[in-house]
Amino acid sequence: METILQFKNLNYHYKSNNKKITILDNVNFSFQAGHFYTILGPSGSGKTTTLSLASGLDIPRSGSVLYKGTDIRKIGLDSYRNQHVSIIFQSYNLITYMTALQNVVTAMEITGVDVRDKKGRALELLEKIGLTEVEAKRKVLQLSGGQQQRVAIARALSCNVDLLIADEPTGSLDQVTSLDIIELFKELAHKENKCIIVVTHSQEVARQSDTAVYLEKRNLVIKKL
Amino acid sequence: MVGPIENVASTSKWIIYLVSVAGSIILGLIIMLTIKERRKELGILLAIGEKKGKLIGQLLVEVLCIAALAFSLSVFTGGTVSQAMGDSLLQKEVTSSEEQQQQGADNQVFMFGMNDDQGQDVDPIDNIDISVTSQDVLKLGGLGLVIAILSTILPALSILRLNPKDILLKDE
């Protein structure tokens, strides 16, 4: 199996009240294609930091994040986020003055997806994740939380990347919708060979993943559930 | 008597300088406010992978579109407005000049017993025809373009300091 993402001697800390707070301490971990990972840990353990480093939103204090063997800083963080990784945020982070369809099409235009009929492709994706054409043409603020999360997932899928990182994607959803989304992630990993990394605090979501990784003592540890 | 005309010309020049400087500052402040209001949107676009240079370019295009509309409007209304303003300024200068002359003449009559009519052998220029030529349009258009670009680029450079992680995760 291909290693998509690798943390190599990764360290991250920040200063608070002149004290050095270490979040990640010499972490070495690899994420494979075709695999669905969950990262768990208590609040403040560094889940969001790990997500930020993996998605190129932040840079480590030392060590490297490698995408298919290349340091993402060499690729360029902007280019890395543009071409190789899609992020699904807990609070969706959709552009609120646009419709669901426009949010997805905009992402495709920014990432330069090579599709002639972007609108058609976006509608296809939105339908795949459970939104009708009528709902797709509504402004995102007119959609429910679950629907907005689906739009955020469709936006991430539209970019055609190998690596999808999601921060508590089911945090504000009901159980039925959550299960649907987890099934979708499993399908993306197993049928489309994507690497899915979901940061969550839900044991239920973790049980559904191929590998549950815990943030313990400032390191990533695989645990069997 | 060209005094009033020269005064109008001088006033006009100062108005242009003032409007250029004040306009640049105001436009720059508006752009800064716009960036502040659109921080989240900019953060989302950066997180998706949009380049910072493109975001600055987008802002510039938005401002230039508005500038183009404003400029087109001013081409049609500029002649009328400048004629009205020119007439008003000139009238004020002429009135002020006549009052000064009258005061001077009264003083002379008082001191030397001279006739009122003496000294007033030149008619004041009391109207001007203002026309906006294509050269004027090009000059002012160019000036407006430079103001729009500088007032946009300088505050927009703050986008380069934006960190999408700080914008998005802080908001969460």
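Chain A is the first sequence line, chain B the second, and so forth, proteins listed ahead of strands; every chain is numbered from 1.
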CG-CD1 distance between Asn93(A) and Ile48(B), expressed to the nearest 0.5 angstrom
9.5 Å

Spacing of Thr106(A) atom OG1 and Glu50(B) atom CD [to the nearest 0.5 Å]:
10.0 Å

Taking the side chain as everything from C-beta on, heavy atoms only, tell me whether Asp78(A) gets closer than 4.5 Å to Lys54(B).
no

If you count heavy atoms of other groups shown closer than 6.0 angstrom to CG of Asp117(A), is the number above 12?
yes

More than 12 heavy atoms of other residues, nucleotides or ligands under 6.0 Å from CE of Met98(A): is that the case?
yes

So, do Lys40(B) and Thr96(A) sit near enough that their side-chain heavy atoms are less than 4.5 Å apart?
no

Just how far is it from atom NZ of Lys165(B) to atom OG1 of Thr49(A), taken to the nearest 0.5 Å?
5.5 Å

Minimal non-hydrogen separation, Ser79(A) against Lys51(B), with atom names
OG-NZ, 3.4 Å

Less than 4.5 Å to any heavy atom of chain B: does that hold for the side chain of Leu77(A), its backbone, both, or neither?
neither

Determine the minimum heavy-atom distance between Ile87(A) and Ala47(B), stating which atoms define it.
CD1-O, 4.0 Å

Between Tyr97(A) and chain B, which part of the residue has a heavy atom less than 4.5 Å away: side chain, backbone, both or neither?
side chain

Counting only heavy atoms from other residues, nucleotides and ligands, does the tally under 6.0 Å from CD of Glu62(B) exceed 12?
yes

Rounded distance (nearest 0.5 Å) linking atom CD1 of Ile95(A) with atom CD1 of Ile44(B)
5.5 Å

Please check if the number of heavy atoms outside Lys52(B) that lie under 6.0 Å from its NZ is greater than 12.
yes

